[in-house]
Structures are given as structure tokens and as C-alpha cells.
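Working notes, structure below.
Per chain, numbering begins at 1; letters A, B, ... match sequence-line order. These numbers come from the heavy atoms of this one structure, side chains and all, not from hydrogens, waters or symmetry mates.
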There are 2 protein chains.
Amino acid sequence: MVKRVRGSRTGRPIMVLLDLLGRRWVLRIVWELRDEPRRFRELQDAIGASPTIVNTRLAELRKAKLVELDAASGYRLTVLGRELLRLFLPLHLWSEKWAKATGVA
Amino acid sequence: MVKRVRGSRTGRPIMVLLDLLGRRWVLRIVWELRDEPRRFRELQDAIGASPTIVNTRLAELRKAKLVELDAASGYRLTVLGRELLRLFLPLHLWSEKWAKATGVA
DNA sequence: TCCGTTACTACAATTATTGTAGCGTCGATC
DNA sequence: GATCGACGCTACAATAATTGTAGTAACGGA
């Protein structure tokens, strides 16, 4: 009955990160916060997930110091979160190419 | 009773892509294929998931033309898959920094 | 024929996620 | 000082996704 933490048990940062980013709605939440802070409900409506899971993911992202809650403006990316987002921005352009090549999207 | 496809219903490529990559084990599988082809069981052992879900994800990745099965060598990234992986490579280095900054990993 | 390797499937048990409803706090308004 | 809306968030039963174990079917070599 080993305590199973999600994903890799190696603890290597890249594995932990890939596991975190591979949880449902996580990438999407980071993406939705790319331009400006969002309120809890606003975020929930934007992605169309249940409040339960939105709250769970936000807690995980806050624990990972990628997202923070500013009382005045809402949820927003931290400095680390913005760094991560910057790495993901090329995905936007690439996804268009990918869509054309595959017809999937 | 609307037909609900996973994730975004907008069909915008970036949303479809974020949804695909946000499924459990998908990022990890792409990562495991970064250097060389892997056999089904080898892949399964490496990530520690059930054969059911490994097979499901491989089917999705093949449909998305990111992964292909070569009878002689095993599962490997397609040209598109390698392009995607290249976008992700900076994550490796960044994850080390992130781990130090957060203590999460 | 038998054995190993291969990709993959069946299926019940467990875990994650959804959908709906609602709670508790705070600040503004009457 | 009662009421109201906005806010973050929780409860909980129903549904969907994932696991773990076992096994199938095709193939090639001895």
C-alpha cells in the first residue's frame, strides 16, 4: 500500500512539472490568465468546468507558485507563472499549423 | 443532451491542443519518446500507467499525427511530434529553476 | 509444436470530475 | 442594522476516467 502521488514517483522536477501540467484544466487555466487577472467565477465560466475542480486546480497552481490571488483584481499569474506562459506562447502559432496539417482541430 | 467533446467546445486549434496535452500521461508519453522509439510495454513500464490508458493515449496521439508506430522499432514521434517536442524542451531547464524556487519538486 | 515477443482488450474496482445547490464573508445601500 | 450583490469556495450524489489484473491474438524462430 505505497502512498501513490500522482504521476512520476521519481521526484525529478521535469516529471513533477509534466504531471502538474497534465492535469485536466491546468494548461487551460494558465492560458486563460495570460492577459489579465480573472475572478473565480469568470474563470470557471470561461473554461466550463465545475467549481470543485477549478478550485482544486487553483489550489495546486497556487501551491506551485504559478498563480496567486490578488484580492483587488482576482487570480493572476505569478512571476514564475508568466515565465512558464512565455515558454508556452509558441504553441499558439504552432497549433494553427498543426490543425491545418492534421484536420484534427 | 449536447454531445460533449472533452474540453473546449470552441474548436479553436489552441484549445484543442491544450485539451489534448492536458490529458493524463500525454505530455509524459511525448517526453518519453524524445530520444528514441519505445515499445508499447517499455513505454508502459516507463510511465507506470495501465495498458488501457497507454493504448488510449497512443491512439489519440496517432490520430493527432504526433506519434506513429513503426513495426521495426516501436512508437516514435512524427515530424509534427518532434516539432512539438522542440517547443517543450525549454521546460526541462526551466523546471529545475522552478523546483528550486518553490521546493515543490 | 512450442516458446517468446508483440500490440492490445476485458472488466470489475477505484479515483477523478461534474452538476447543482448553497454557505459565509465583506462592503455598499437603504 | 437589515438587505443585497459579489465574491471565493464547499457538499454531495451522479457520472466518467483510470487502474490493476488477467488474458487474447498474431507473428517469428527453434
Distance check: side-chain N/O of [X] vs OP1/OP2 of [N], anything under 4.0 Å?
{"X": "B:Trp25", "N": "D:dA17", "answer": "no"}
{"X": "A:Arg39", "N": "D:dG8", "answer": "yes"}
{"X": "B:Arg57", "N": "D:dT18", "answer": "yes"}

Inset, instruction - Could you pull out all residues at least two apart from A:Arg82 that satisfy salt bridge (Lys or Arg N to Asp or Glu O under 4.0 Å)? - result: none
Legend entry - Under the salt bridge (Lys or Arg N to Asp or Glu O under 4.0 Å) test, residues paired with B:Lys97 that sit two or more places apart: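 Listed in chain order: A:Glu83.
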As a test of reading the structure: which of [options] is closest to the side chain of [X], going by heavy atoms?
{"X": "B:Leu69", "options": "D:dT18, C:dA7, D:dA22", "answer": "C:dA7"}
{"X": "B:Phe40", "options": "D:dT19, D:dA17, C:dA7", "answer": "C:dA7"}
{"X": "A:Ala49", "options": "C:dT9, C:dT18, D:dT18", "answer": "C:dT18"}
{"X": "A:Arg41", "options": "D:dT21, D:dT19, D:dC7", "answer": "D:dC7"}
{"X": "B:Pro51", "options": "C:dA21, D:dT19, D:dA22", "answer": "D:dA22"}

Take atom [atom1] of [X] and atom [atom2] of [N], then tell me their distance rounded to the nearest Å.
{"X": "B:Asn55", "N": "D:dT19", "atom1": "CG", "atom2": "P", "answer": "13 Å"}
{"X": "A:Asp19", "N": "C:dA16", "atom1": "CG", "atom2": "P", "answer": "11 Å"}
{"X": "A:Arg23", "N": "C:dT15", "atom1": "CZ", "atom2": "C1'", "answer": "13 Å"}
{"X": "B:Gln44", "N": "C:dT6", "atom1": "CD", "atom2": "C1'", "answer": "12 Å"}

Inset, instruction - For A:Arg62, answer base if it contacts any base atom (sugar-phosphate contacts may also be present), sugar-phosphate if it contacts only those atoms, and nothing otherwise; contact means non-hydrogen atoms under 4.0 Å. - result: sugar-phosphate
Inset, instruction - Would you indicate what B:Thr52 reaches in the nucleic acid, counting non-hydrogen atoms under 4.0 angstrom: base, sugar-phosphate, or nothing? - result: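 Result for B:Thr52 = base.
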Inset, instruction - Please report the C-alpha distance between A:Asp19 and A:Arg23 in whole Å, then the side-chain angles of each, then the deciding distance to 0.1 Å, and finally whether the salt bridge (charged side-chain N to carboxylate O under 4.0 Å, His left out) criterion is met. - result: CA-CA 7 Å; A:Asp19 175 49; A:Arg23 292 176 201 180; 2.9 Å; yes
